[in-house]
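What follows is a short report on a single structure.
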Amino acid sequence: MPQNSDTSAGMEICPDCGARVPVSDLPGHAYLGASPGCWAVYGEVLAREYSDARYFAVHQLTVDAYAAQHPGKPERRSIQSVGVHLVALYQALELDFSPAQIVAARKASASNRAFVWLDPPPPDDGALTINDVVSAEDAAEHGRLVRAWAESVWRHWAPHHEQVRAWSAALS
Ligand SMILES: [Zn+2]
């Protein structure tokens, strides 16, 4: 049966990433700005990564891209989350840090108290989201999509790149 193109019933738009996702009754996240439906799609992607090493190869980028794309509202935990995950995206994408280096850097970053709130640029229409990632048909496509998504999230934060680079330099 063809899908109804009017999907407004039972669907919602995630306020932070703009993805159209099924309405979910599951709890969302305490401080990421993800709708419960978007958070549920992210859970599917994580389950796939945890169950298959070929998918897990890009797990770090998945976590950092998702958190950076869902900054939420200004409060201590979200400030910390956005800071940690933007520093990690920068280190992975511009400095070519390995996942192991990023995990080590994250330990320093997690206790950093210098992070401040960065006003998130408004979501782009048609931005890559977790919806694109979940549609991957195999691990190679998953890896490509996660990389493209992470790069687009990092570009989206361009007004704050200088600040993020300075945080990364101060932490290393
Ligand atoms: Zn979302």
Side-chain angles (χ1 to χ4, degrees), residues 3-52 55-93 102 106 109-110 115-137 139 141-161 163-164:
Q3 283 209 320
N4 188 342
S5 62
D6 175 14
T7 49
S8 54
M11 300 296 280
E12 64 186 9
I13 303 290
C14 176
D16 274 23
C17 74
R20 177 181 281 274
V21 289
V23 170
S24 169
D25 293 331
L26 295 169
H29 186 274
Y31 56 87
L32 293 183
S35 72
C38 183
W39 182 247
V41 176
Y42 178 56
E44 277 180 52
V45 168
L46 290 189
R48 200 179 283 169
E49 291 186 346
Y50 285 126
S51 64
D52 186 327
Y55 282 80
F56 192 78
V58 290
H59 176 66
Q60 205 60 57
L61 278 180
T62 301
V63 170
D64 293 324
Y66 192 82
Q69 199 174 31
H70 295 86
K73 302 271 180 289
E75 57 146 302
R76 175 40 56 193
R77 291 176 301 177
S78 54
I79 288 170
Q80 202 63 22
S81 169
V82 169
V84 166
H85 294 292
L86 283 178
V87 165
L89 280 181
Y90 164 63
Q91 292 173 336
L93 299 174
I102 290 178
R106 174 169 308 201
S109 179
F115 293 137
V116 294
W117 177 252
L118 304 176
D119 277 327
D124 294 330
D125 280 347
L128 289 173
T129 68
I130 197 70
N131 264 353
D132 296 287
V133 173
V134 80
S135 71
E137 292 189 353
E141 189 182 9
H142 176 77
R144 280 195 301 275
L145 284 168
V146 167
R147 178 97 192 172
W149 172 48
E151 285 173 347
S152 75
V153 170
W154 173 241
R155 273 197 308 275
H156 186 70
W157 281 94
H160 300 296
H161 279 181
Q163 176 64 76
V164 176

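First listed ligand is number 1; within each ligand, the first listed atom is number 1. The basis for the numbers below is simple: all heavy atoms, side chains too, and nothing from hydrogens, waters or symmetry mates.
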Please list, one pair per line, the donor and acceptor atoms closer than 3.5 Å that link side chains of residues 41-48 to other protein atoms, with sequence neighbours excluded.
unit_1	atom_1	unit_2	atom_2	d
Arg48	NH1	Val134	O	3.2
Arg48	NH2	Val134	O	3.4

Taking only residues two or more places apart in sequence, or in another chain, which ones meet Arg144 in a salt bridge (charged side-chain N to carboxylate O under 4.0 Å, His left out)? none

Quick check: does any side chain N or O of Gln163 sit under 3.5 Å from a backbone N or O of Val116, one acting as donor and the other as acceptor? no

For Arg106, give me all partners under side chain to side chain donor-acceptor pair (under 3.5 Å), at least two apart in sequence or on another chain. Asp64

Classify the side-chain pair Glu49/His142 by whether it contains a donor and acceptor separated by less than 3.5 Å. yes

Heavy-atom pair with the smallest gap, counting every atom of Cys38 and Ile130: SG-CG2, 3.8 Å

Keeping to distances under 2.8 Å, can you name the protein N/O/S atoms close to the Zn ion (ligand 1)? Cys14 SG, Cys17 SG, Cys38 SG, His70 NE2

